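Data first, discussion second: the structure below is written as structure tokens.
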Number of protein chains: 2
Amino acid sequence: MNIGEASAETGVTAKSIRYYESIDLIPPAERSESGYRQYSARDIQTLHFIKRSRGLGFSVAEVAELLSLYRDRKRASGEVKGIVETHLDEIDQKITELESIRTTLRNLADRCHGDDRPDCPILDDLAGALD
Amino acid sequence: MNIGEASAETGVTAKSIRYYESIDLIPPAERSESGYRQYSARDIQTLHFIKRSRGLGFSVAEVAELLSLYRDRKRASGEVKGIVETHLDEIDQKITELESIRTTLRNLADRCHGDDRPDCPILDDLAGALD
DNA sequence: ATAAGGGTTCTAGTTACTGGAAGGTCAAGG
DNA sequence: CCTTGACCTTCCAGTAACTAGAACCCTTAT
């Protein structure tokens, strides 16, 4: 199976697959005689793992850790859970921040006429007017 | 007022101020005889505006637009509001995505013992086990 | 005179890819 | 047999918004 098929199979672009190889997230693929990368069922599995992990917001570095734990039959599940809990904390923080921003902007936008007139509470706020 | 003071005053690092100048977000600062950048009260105001806008999650490109509207006395407030509403939509999307991820990860983490044993529902999920 | 603590420019690194150029390979059709 | 189109290869550059660091200049106080 060459890279295009692997890509179609997993939803990871060929560009990304090559990139992952270049940064050693995945081992160098086998090559056909003509130099085409060849992917086994196991490689596809790994790409699925990566795709799913990235989709859950893990950084590539975290995915590398998760993959290494995945491959280690003697891993401690606590390590995996630790990574996830840390990530969850970051997500919570991010959500909190975004919600706070949303509230602020919602208020500002609601107070702005949004028409042809120049008067604008949003700009007043950004400029530091204390309302 | 030179760059260090301007930075302390506004909370924008000197590095960032120079960077903003380099990308033309702010005009080139005046210079002292020895070549030091000099900032006026109006420059400080602008830096405050940028700081606040970036803090609300606007991209530098959006800040450039907002700044240009801010400086235009004949702006239409609708344009400003448009930018904000677009940004709000993106924020809502982001929050939704993060909440979905959070739910998934919370479930997985709760089902993982998180001890020395290798058994791990998180890895099972990432590997594509259909549970 | 010198030392500390400013300031200057320039290059390179960060994250996770994506786009594009230049060129080799493979299978099908004329 | 040759060509065409869809693959594949490598390598370089660009993206966002800075940050780190090197090498060097300026100012002020001791």
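In what follows, chains are A, B, ... by sequence order, proteins preceding strands, each numbered from 1. All values reported here derive from a predicted model rather than from experimental measurement.
When all heavy atoms of A:Pro121 and A:Cys112 are compared, the closest pair comes out as CD-CA, 3.7 Å.
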* Treat primed atoms plus P, OP1 and OP2 as sugar-phosphate and everything else as base, then score nucleotides 9-21 of chain D 5' to 3': B for base contact with protein heavy atoms under 4.0 Å, S for sugar-phosphate contact only, - for none. => BB------BBSBB

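There is no side-chain donor-acceptor pair under 3.5 Å between A:Thr46 and A:Asp43.
The residues B:Glu97 and B:Arg102 are annotated as not salt-bridged, no charged nitrogen and carboxylate oxygen being separated by less than 4.0 angstrom. One finds a salt bridge joining A:Arg117 and A:Asp115 here, because a Lys/Arg side-chain nitrogen approaches an Asp/Glu carboxylate oxygen to under 4.0 Å.
You'll find the side chain of A:Leu98 reaches within 4.5 Å of the side chain of B:Leu98, heavy atoms only.
Applying the ring-ring contact (aromatic ring centres under 6.0 Å, His included) test to pairs two or more places apart or on separate chains, those with a residue in residues 17-51 of chain A are A:Phe49-A:Tyr70.
More than 12 heavy-atom neighbours from other residues, nucleotides or ligands sit within 6.0 angstrom of CG on B:Asp92.
Protein chain A contacts DNA chain C over a range whose 5' and 3' limits, counting nucleotides with an atom under 4.0 angstrom from a non-hydrogen atom, are C:dA16 to C:dC26.
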